[in-house]
Structure formats: structure tokens, C-alpha cells
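Predicted model only: the values in this text are computed from it and were never measured. Ligands are counted one by one from 1 in listed order, and the atoms in each one are counted from 1 as well.
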Amino acid sequence: MYNEIDFDIIDTAAEPPAEEPARQYYFIAKCREWVREFERKNGCLPTACVTTFGCQMNARDSEKLAGILRQIGYGITDSENADFVIFNTCTVRDNANQKVYGRLGELNGLKRKNPDMKIALCGCMMQEPTVIEKLKKSYPFVNLIFGTHNIFKFAELLNTVYENENSGTIIDIWQDTDRIVEDLPVERKYPFKSGVNIMFGCNNFCSYCIVPYVRGRERSREPRDIIREIEKLVQDGVVEVMLLGQNVNSYGKNLDEPMTFAQLLREVEKIEGLQRIRFMTSHPKDLSDELIQVMKESKKICRHLHLPLQSGSTEILTRMNRRYTKQQYLELAGKIRREIPDIAITTDIIVGFPGETEADLEETLDVVRTVKYDNAFTFIYSKRTGTPAAAMEDQVPEEQVKKRFDRLLKLVQDTAREQTAKYQGRVMEALIEEVNENDSSMVRGRLSNNTIVHLPGDASMIGKLVNVSLDQCHGFYYIGHAVDSAME
Ligand code: 5AD
Ligand code: SF4
């Protein structure tokens with residue numbers, strides 16, 4: 001595997017190998033020569049900063065970028081005042097794009113002070129041709145642009161940048177791929193927990209969503225590669241994994257030997273030393289009874305299910321191409337709550353989808369009241385060029401959407417507060433994640449149901465599972481205290 005590779009013995013005078021990941025190891029070795037040159041000149045190693053926009057998938061991709069940069073020899077920093085800065089972008093809503101343009105302006109200011117600084121952009125936003133045109137025209141100081149399908153080629157692209165210092169922006173965007181490259185370096189943000197991709201892309205084409213266009217068709221990783229990765233993570237000290245996919249419930253359909261997500265979970269459950277399993281995201285239309293059964297029987301799968309609703313109106317759901325009705329969703333949520341009583345159900349809801357009426361909003365509010373979400377992410381509909389919804393008539397006026405959004409937000413917050421408070425006084429297991437930034441005598445832990453609890457503690461507790469008494473509920477989180485020694 002990559003961390004057993006000695007990059008110094010790779011012959012960089014030879015031709016690069018054609019196969020992956022050997023080809024990328026070769027380019028990592030080549031980039032290391034450039035870093036050594038930098039060190040000779042400047043007396044220190046160059047620094048690199050990876051900034052992530054968007055979802056957990058992007059966060060995981062950023063760990064891969066940071067892993068490659070680390071192997072090349074960069075010092076990884078959180079400051080964008082660095083020798084190399086890469087923005088891993090999101091385009092799910094327009095405000096994500098606007099944020100990137102704003103931050104690029106700031107980077108240009110830093111680059112003026114440090115002309116050798118290199119700037120790169122990658123991720124979902126780069127898969128949009130109109131974005132590339134705008135960048136070429138208005139942001140010529142960007143050195144490298146690539147998309148979502150060729151992240152594995154990062155070292156090779158970086159080498160191209162080094163070899164073509166003054167030749168403008170290097171752009172490499174692929175339309176789609178069925179390729180999955182394993183065994184590239186990764187730098188994890190947390191030593192004790194990690195995301196693990198189980199699939200890439202999405203085939204659902206919800207009518208408002210740009211993801212299928214920028215992340216491509218759905219493809220699953222081989223179960224043996226997933227298991228091997230998790231076993232390795234556990235050896236390295238990881239106790240919690242988050243299995244990642246746009247729709248984990250359709251995992252395994254395109255494998256040579258098809259396998260269901262529930263079957264995969266059973267295999268992951270068997271990994272010794274692994275303590276907690278999370279996953280994200282579940283499309284309601286594909287959530288099977290088999291999955292509910294596996295969750296119910298499991299000792300490791302966390303008591304949390306993210307089940308995006310998007311709208312409570314069957315008519316809007318049909319226009320969104322979600323392929324379930326309000327009634328079907330309610331039945332599913334009811335079944336889950338009955339079978340797994342302590343489970344937290346969270347959701348995503350969009351307000352202001354084209355044609356949405358006050359009556360449609362009422363349907364959504366009705367679902368929120370009935371399901372009693374433990375948490376909900378609410379979004380104002382954002383028109384994404386190229387999606388079917390962008391061409392729909394009856395776009396809802398902004399002012400009306402804002403009012404509806406505020407009503408929904410108030411209800412989901414009230415409901416989430418009530419749900420969180422249910423556990424007051426109980427003792428529950430928390431995974432301690434970090435020392436509180438503002439008060440070093442307190443640590444932050446996460447319950448199986450994803451609720452946050454703050455308790456007195458210190459850095460030695462990080463990564464441990466601790467039984468915590470949930471003493472005081474403060475809206476969406478608890479203040480508590482540890483009630484016995486850490487359980488290994
Ligand atoms: N406008 C607003 N929200 C959107 N989402 C996806 N596309 C859009 C859009 N065009 C939301 C959905 C999804 C979450 C990740 O982002 O609720 O579940
Ligand atoms: Fe987008 Fe729908 Fe796929 Fe989720 S399931 S990524 S909302 S198209």
C-alpha cells in the first residue's frame with residue numbers, strides 16, 4: 001500500500017508507468033525533486049493549504065489531496081497564506097459558487113505578495129463549462145484546474161504545473177469516468193474517525209440537483225477494497241467510520257457480483273476493533289427492510305439515519321423526481337421509529353421549488369411535525385443551469401420563499417430542541433472528538449445519535465468512548481459528565 005512505498009527509490013529519469021496507482025507514485029517522486037529544490041533555495045519546506053467547500057464527499061477528497069501533498073513534502077497548514085492553495089469546490093447551490101469567486105479575489109491579493117504562490121481549483125464547480133469560461137477570463141492567476149473525475153491524477157497535474165511555470169492555467173476536466181483508483185495517500189483530519197467512500201456519483205437525477213451532472217454515473221467500490229481500507233484504518237487507530245455515497249442504499253448494484261448495502265454493513269460490522277459505523281446519504285426510495293433489520297441487530301451502527309425528505313407534498317415530490325409519495329415517506333419513517341426506538345432521524349428540505357404553493361408548504365410542515373426530526377437542514381431552492389427544474393415555469397418569488405423558509409426553520413428548530421431534550425438525565429456513550437477551543441478544561445463528544453455533548457475532560461480522552469451523564473440540555477447539545485472510566 002502507499003505508505004509502504006519508498007518514493008526515493010523510484011527512477012524519475014525513466015518513463016512514467018502507464019498503470020495506476022504506480023503512475024501517480026512516479027509523479028509524487030518527481031514533485032519531491034521540486035520540493036527539495038525549493039528547500040535548498042529557501043531553507044524551509046513549502047506549505048500547502050487545502051480548503052474544502054461543501055459535503056462530506058468533498059471533505060474526504062480533500063484528505064486525499066492533502067495526503068498527496070504531504071507525500072510530496074509540503075507542510076500542510078490551515079492558513080491560505082501558503083505556497084500552494086487548493087480550493088475543493090461545491091456547486092450544489094449558487095451561493096457555494098459565489099463564495100469561491102469571493103475567496104479567489106482574496107487569494108489573488110496574497111499571490112501579489114508571494115508571486116511564486118500556486119493556486120489550484122478542483123471539485124464539482126469545475127465540472128461546469130460556464131465556470132471554466134469565467135475563470136479563464138477573469139481569474140487568469142489560477143495555475144491549475146481539474147474536476148471530480150481525475151482527482152487521483154493530482155500529483156501528475158502538479159508536476160505539469162512545475163514543468164510549465166509560465167504557461168497560464170493548466171486545465172484538465174473529464175466528462176465522466178467509470179474508473180476507481182485505489183491505494184493513493186490520504187491524510188486524515190482526525191486520527192480516530194474517518195470517512196470511507198463506498199461509491200461515487202449518482203443516477204437519480206432529482207430534477208433540482210446538479211450532482212449527477214458533476215459527479216457522474218453511480219459506481220460502487222469493490223467490497224474487498226472497502227473492507228481492506230477499513231481494516232487498515234482500524235490498525236491505524238480509527239474507531240468510527242462514515243461510509244460515504246450520494247445514495248448508499250443503491251450500493252453494489254453495478255458490481256460484477258452484486259451486493260446490497262445491508263450485506264456490506266454486515267461485513268463491516270465483523271471488523272474487529274471497529275466500534276462505530278455511520279453512513280450517509282440514504283435515499284428513501286431505496287431504503288430496504290433488510291437495512292432496518294441490520295441496523296436493529298447491529299452493535300456498531302450508530303442510531304442515526306439521515307433521510308432527505310426534500311418536500312412533504314406528493315405533487316412537488318413528483319416534480320422533483322424523488323419517486324416516493326408523502327404517504328410512503330411517512331410509513332417508512334414510522335417503521336424506522338418503531339423498529340429502532342432510540343434512532344435520530346435527520347433530513348434535508350428544500351423550500352421554494354418551482355410551483356410550490358402555500359398548501360405544499362403545509363404538507364412539508366405536517367411531515368416535520370409527524371416525523372419529529374432530530375435535526376433538519378433547510379435550503380432555499382437554487383436554480384442550477386442544466387437541471388430540468390431550471391426550465392420549469394412558476395419559479396416562486398424570492399420574498400415568498402424567504403417567508404416560507406422562516407416558518408419552516410422555526411418549526412424544525414422547535415422540533416429538534418424537543419427531540420434533543422428527550423434524553424435529559426440519561427447515561428449514553430459518547431466518542432470524544434476534541435478539546436473545546438475556548439475552554440481547555442472541557443471536551444466535546446458525539447453520541448451514537450449524533451447529538452453533541454460537552455463535558456469536563458482533557459486531550460487524553462480524544463478518540464475514546466466514554467459513558468456520559470446528559471445533565472443539562474442546551475437546545476441542540478448537552479452539558480454532561482463522564483460517569484465511569486473510558487471503555488476500550
Ligand atoms: N437548491 C437547493 N438545495 C439543493 N440541494 C440539492 N440541490 C439543491 C438546489 N438546487 C440540497 C438537497 C440535498 C442537499 C445536499 O442539498 O436538499 O439533499
Ligand atoms: Fe442529488 Fe437526488 Fe442524487 Fe441526492 S439523490 S445527489 S439530491 S440527484
Side-chain angles (χ1 to χ4, degrees), residues 52-61 89-99 123-125 127-128 148 176 195 197-220 242 244-251 253-254 261 279-287 305-313 316-324 329 345-356 360-361 364 367-368 371 373 375-392 395-396 398 401-402 404-405 408-409 412:
T52 310
F53 298 83
C55 66
Q56 309 260 7
M57 292 276 207
N58 264 18
R60 184 62 179 158
D61 283 346
T89 62
C90 168
T91 188
V92 78
R93 284 169 292 275
D94 187 54
N95 53 9
N97 291 37
Q98 297 314 321
K99 234 187 265 172
C124 294
M125 188 176 153
Q127 293 293 137
E128 289 184 273
T148 53
D176 202 350
N197 297 107
I198 63 165
M199 59 204 298
F200 302 93
C202 181
N203 285 354
N204 287 312
F205 291 94
C206 300
S207 64
Y208 51 82
C209 185
I210 201 161
V211 169
Y213 306 90
V214 296
R215 288 251 170 205
R217 293 296 63 72
E218 187 179 288
R219 53 214 180 272
S220 298
M242 164 87 87
L244 297 171
Q246 302 295 348
N247 175 16
V248 291
N249 294 331
S250 66
Y251 170 79
K253 285 187 184 150
N254 61 345
F261 179 54
F279 54 84
M280 192 150 229
T281 288
S282 279
H283 196 306
K285 78 176 166 61
D286 298 315
L287 200 146
L305 190 65
H306 188 65
L307 195 63
L309 168 69
Q310 312 301 3
S311 169
S313 151
I316 296 292
L317 286 170
T318 308
R319 287 154 55 89
M320 284 178 161
N321 192 29
R322 290 291 289 176
R323 286 172 277 175
Y324 52 83
Y329 186 99
I345 301 181
T346 59
T347 201
D348 292 340
I349 301 172
I350 299 174
V351 180
F353 184 81
E356 184 192 72
D360 292 319
L361 180 77
T364 300
V367 176
V368 174
V371 176
Y373 290 109
N375 199 1
F377 300 95
T378 48
F379 306 105
I380 286 181
Y381 167 72
S382 171
K383 190 170 167 176
R384 308 313 289 132
T385 309
T387 62
M392 287 181 189
Q395 304 277 334
V396 187
E398 213 177 297
V401 177
K402 184 78 188 62
R404 288 181 197 168
F405 181 83
L408 175 66
L409 186 65
V412 299

If we check side-chain contact (heavy atoms from CB on, under 4.5 Å) with Ser250, which of these qualifies: Asn204, Asp286, Asn203?
Asp286
Quick test: of every protein heavy atom, which one is nearest to [atom], and how far off is it to 0.1 Å?
atom                    : answer
atom 6 (C) of ligand 1  : Val92 CG2, 3.4 Å
atom 1 (Fe) of ligand 2 : Cys209 SG, 2.3 Å
atom 14 (C) of ligand 1 : Asp348 OD2, 3.5 Å
atom 10 (N) of ligand 1 : Ser382 O, 2.8 Å
atom 7 (S) of ligand 2  : Tyr208 OH, 3.4 Å

Apply the test salt bridge (charged side-chain N to carboxylate O under 4.0 Å, His left out) to residues Arg93 and Asp348: give CA-CA distance (whole Å), side-chain angles for both, the deciding distance (0.1 Å), then the verdict.
CA-CA 13 Å; Arg93 284 169 292 275; Asp348 292 340; over 6 Å; no
Strictly under 4.0 Å, does any heavy atom of Arg322 approach an atom of ligand 2?
yes
Quick check: does Cys206 put an N/O/S atom under 2.8 Å from atom 3 (Fe) of ligand 2?
no
Under 4.0 Å from a heavy atom of Ile350: give me the atoms of ligand 1 that qualify, with their elements.
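Ligand 1 atoms under the 4.0 Å threshold to Ile350: 3 (N), 4 (C), 5 (N), 12 (C), 17 (O).
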Which atoms of ligand 1 are found less than 4.0 Å from any heavy atom of Ile380?
1 (N), 2 (C)
For Tyr208, which part has a heavy atom under 4.0 Å from ligand 1: side chain, backbone, both, or neither?
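Under 4.0 Å from ligand 1, Tyr208 contributes backbone and side-chain atoms.
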Could you measure the distance from the CG atom of Leu317 to the OG1 atom of Thr364? Nearest 0.5 Å is fine.
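The distance works out to 7.5 Å.
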Let me confirm one number: the CD1-CD1 distance from Ile380 to Ile349, rounded to the nearest 0.5 Å.
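So the CD1 of Ile380 and the CD1 of Ile349 are separated by 13.0 Å.
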Which atoms from ligand 2 have a heavy atom of [X] less than 4.0 Å away?
X      : result
Phe205 : 8 (S)
Pro212 : 8 (S)
Cys202 : 3 (Fe), 5 (S), 6 (S), 8 (S)
Gln246 : 6 (S)
Asn204 : 5 (S)

For atom 4 (C) of ligand 1, which of the options Gln310, Met320, Arg93 provides the nearest non-hydrogen atom?
Arg93
For ligand 2, does Val211 get within less than 4.0 Å through its side chain, its backbone, both, or neither, judged by non-hydrogen atoms?
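Looking at Val211 and ligand 2, just side chain atoms fall under 4.0 Å.
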Tell me yes or no: between the side chains of Asn97 and Thr91, is some donor less than 3.5 Å from an acceptor?
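Yes, side-chain donor-acceptor contact under 3.5 Å.
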Atom of Cys124, atom of Cys90 and distance for their closest heavy-atom approach
CB-CA, 4.4 Å
His306 versus Thr346, closest heavy-atom pair with distance:
ND1-OG1, 2.7 Å
Check Glu218 with Lys253, please: is the shortest side-chain N to carboxylate O separation under 4.0 Å?
no
Which label fits Tyr324 and Tyr329: parallel for a plane angle under 30°, tilted from 30 to 60°, or perpendicular past 60°?
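Aromatic pair Tyr324/Tyr329 classed tilted.
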Check: Tyr213 ring centroid to Phe205 ring centroid under 6.0 Å:
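Tyr213 vs Phe205: aromatic centres under 6.0 Å.
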Considering distance alone, does some N or O of Tyr381 sit under 3.5 Å from an N or O of ligand 1?
no
For atom CD of Gln98, is the number of surrounding heavy atoms from other residues, nucleotides or ligands below 6.0 Å larger than 12?
yes
